[in-house]
Amino acid sequence: MKNFTYSIPTVVHFGQGQIQKLGGEIAARAHKVLVVYGGGSVKRNGVFDAAVQQLKDHGLPWTELSGVEPNPRVATVREGIRLCREQGLDGVLALGGGSVIDCAKGIAAGFYYGGDPWDFPGKKLTPERALPIFTVLTMAATGSEMDDIAVISNPETNEKESFSGPCCYPAVSILDPTYTYSLPPYQTAAGTADIMSHTLENYFSPIETNYLADSLAEAILRSCITYGPRAMENPNDYEARANLMWNASWAINGFLKMGKGVAWSVHRMEHELSAFYDITHGVGLAILTPNWMRYVLHEKTQARFARYGTAVWGLDASRPVRELAEAAIQKTRDFFISLGLPATLSELGIGPEYFPEMARKARIDGFDNAFVPLSVEDIVNIYQISL
Ligand code: NZQ
Ligand code: ZN
């Protein structure tokens with residue numbers, strides 16, 4: 001294991017009715033907030049009303065910023081910063097999924113920054129200071145409610161990039177599983193694929209000596225395999241929604257990567273797909289992940305895939321290692337298909353035109369810490385076999 005520092009400062013209030021704690025938590029840290037949300041799902045499912053009631057109960061004025069796009073755009077971040085500055089707001093409350101939360105992080109960090117907020121993802125700047133961020137999560141997927149990462153898109157340049165920094169951890173997150181009951185099956189499936197991908201990115205690392213992290217990763221994966229389909233069959237299954245929600249937070253809150261090296265290889269490849277084609281993040285991951293697995297499977301990596309097959313998919317450990325590894329990869333692919341997710345890029349209307357450009361961009365920072373390092377050519381090949 002490598003040395004590490006463990007610090008996940010977000011206060012999480014988990015469970016039905018925990019919104020009751022929101023007003024007090026905000027009042028302890030801010031006076032007047034920007035309420036950020038997306039295309040209106042929070043107005044239809046009661047989350048907006050419940051959150052606003054909390055603000056009223058605690059005498060907190062607010063301003064609204066609606067219309068945050070899935071794959072949130074830097075223009076919306078700029079608008080939020082403008083509102084905060086003009087109206088003297090000192091906190092940001094995100095109501096929604098990862099896109100809304102990431103946008104809120106961009107606004108909170110951009111508020112104190114003299115330049116353009118695109119500098120954070122674009123120039124890989126680490127923000128040093130941010131307004132306090134509060135979240136009410138409505139979708140189990142990205143883990144943004146408990147991590148310090150934001151992913152922002154710039155459609156003018158076909159770029160989708162992330163930034164992070166300790167100041168971007170939400171101060172407080174409300175995780176009420178009933179707020180995800182209204183999530184449509186397709187988004188539930190995409191969210192499940194995203195959670196699994198975060199876990200797999202950490203699990204397939206060159207460092208395999210963190211027994212605790214690896215065992216937790218396997219448990220998260222088994223949990224997704226159990227509860228993803230259950231939530232799709234019965235959207236109001238509290239146990240399923242609750243487990244997915246907590247899985248999502250733990251898949252990427254940093255715990256799984258402590259003491260390890262993680263390159264986020266599949267995520268880098270997917271972010272290029274989203275940047276060029278504005279596709280749903282979890283869908284891109286579901287297509288790429290089994291193909292990445294197939295591509296990096298060889299003599300030296302097969303034992304890890306075999307362990308994954310037995311620990312996560314319950315495959316018979318007495319089978320030959322290579323056979324186990326291949327069966328595990330097939331199981332992964334079959335599972336995503338069983339969730340109703342596409343298995344090929346062509347199903348999304350994506351062709352090979354931009355593969356070389358996307359592969360070059362995906363590699364910008366190199367693939368340090370990768371389970372298997374990938375060249376630009378390798379990435380093009382993975383896109384090709386995903387067609
Ligand atoms: O816009 P609204 O009306 O809210 O509708 C959303 C949106 O259309 C809808 N939705 C969310 N909760 C709902 C709901 N509809 C009905 N009922 C509910 N309870 O679902 C759609 C997708 O929402 P979005 O927030 O875009 O999804 P997700 O949470 O998957 O976030 C995706 C974004 O996060 C980034 C992705 O790249 C993408 O930009 N990521 C962020 C990460 C992070 N911050 O750590 C890591 C991830 O790997 C990921 O890259
Ligand atoms: Zn992701």
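Order of listing sets the numbers, starting from 1, for every ligand and every atom in it. Numbers here simply count residues along the sequence, with the first being 1.
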Next item on the list: Start with the C-alpha distance between Phe120 and Tyr113, add both sets of side-chain angles, then the distance that settles ring pair (Phe, Tyr, Trp, His ring centres under 6.0 Å), and finish with yes or no.
Entry: CA-CA 10 Å; Phe120 296 133; Tyr113 178 61; 4.8 Å; yes
Which ligand 1 atoms, with their elements, are less than 4.0 angstrom from a heavy-atom of [X]?
{"X": "Val151", "result": "37 (O), 40 (N), 41 (C), 42 (C), 50 (O)"}
{"X": "His267", "result": "48 (O)"}
{"X": "Asn71", "result": "38 (C), 39 (O)"}
{"X": "Lys160", "result": "36 (C), 37 (O), 38 (C), 39 (O)"}
{"X": "Asp147", "result": "43 (C), 44 (N), 45 (O)"}
{"X": "Pro72", "result": "39 (O)"}
{"X": "Ser182", "result": "16 (C), 17 (N), 18 (C), 19 (N)"}

Would [X] count as a polar contact of ligand 1, with the cut-off being nitrogen or oxygen pairs under 3.5 Å?
{"X": "Gly39", "result": "yes"}
{"X": "Gly98", "result": "yes"}
{"X": "Thr180", "result": "no"}
{"X": "Lys105", "result": "no"}
{"X": "Ile149", "result": "yes"}
{"X": "Arg44", "result": "no"}
{"X": "Gly40", "result": "yes"}

Next item on the list: Could you tell me whether the side chain of Ser99 and the main chain of Asn71 form a donor-acceptor pair under 3.5 Å?
Entry: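 Yes: the side chain of Ser99 pairs with the backbone of Asn71.
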Next item on the list: Applying side-chain contact (heavy atoms from CB on, under 4.5 Å) between Thr199 and each of Val312, Leu256, Asn247, report the one that passes.
Entry: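 Checked Val312, Leu256, Asn247 against Thr199; only one passes side-chain contact (heavy atoms from CB on, under 4.5 Å): Leu256.
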Item checked: Within-shell test, Glu69 vs ligand 1, heavy atom, strictly < 4.0 Å ->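 Contact check Glu69 vs ligand 1: negative.
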Given [options], which one has a non-hydrogen atom that is nearest to [atom]?
{"atom": "atom 26 (O) of ligand 1", "options": "Gly97, Cys168, Ser99", "result": "Ser99"}
{"atom": "atom 44 (N) of ligand 1", "options": "Thr142, Asp102, Val47", "result": "Asp102"}
{"atom": "atom 4 (O) of ligand 1", "options": "Gly38, Pro70, Ser41", "result": "Ser41"}

Item checked: Residue portion contacting ligand 1 (non-hydrogen atoms closer than 4.0 Å) for Leu183 ->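 Within the 4.0 Å criterion, Leu183 contacts ligand 1 through backbone and side-chain atoms alike.
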Checklist line | Residue, atom name and distance, where the atom is the protein heavy atom closest to atom 49 (C) of ligand 1 | finding: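 Protein heavy atom at minimum distance: His281 NE2, 3.3 Å.
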Check: Which protein non-hydrogen atom lies closest to atom 50 (O) of ligand 1, naming both residue and atom, and how far is it?
Finding: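 So the nearest neighbour among protein heavy atoms is His271 NE2, 2.9 Å.
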Check: Taking the six-membered ring of Tyr203, is the NZ or CZ of Arg304 close enough (under 6.0 Å from the centre) and on axis enough (within 45°)?
Finding: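 Here Arg304 passes the 6.0 Å and 45° test against Tyr203.
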Notebook entry, point to check: Should the ring pair Tyr181 and Tyr238 be called parallel, tilted or perpendicular, given that the plane angle runs from 0 to 90° and is split at 30 and 60?
Noted result: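 Taking Tyr238 first and then Tyr181, their aromatic rings stand perpendicular (interplane angle over 60°).
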Next item on the list: Apply salt bridge (Lys or Arg N to Asp or Glu O under 4.0 Å) to Glu272 and Lys160, showing your working.
Entry: CA-CA 7 Å; Glu272 295 308 320; Lys160 178 176 183 178; over 6 Å; no
Checklist line | Atom CD of Glu299 with >12 non-hydrogen neighbours under 6.0 angstrom | finding: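 Open.
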Notebook entry, point to check: Taking everything shown except Glu128 itself, do over 12 heavy atoms lie less than 6.0 Å from its CD?
Noted result: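 No, CD of Glu128 has 12 or fewer neighbouring heavy atoms, counting only those of other groups under 6.0 Å.
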Next item on the list: Please confirm if an N, O or S atom belonging to Asp194, backbone or side chain, lies less than 2.8 Å from the Zn ion (ligand 2).
Entry: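 For Asp194, the answer is yes, given that an N, O or S atom comes within less than 2.8 Å of the Zn ion (ligand 2).
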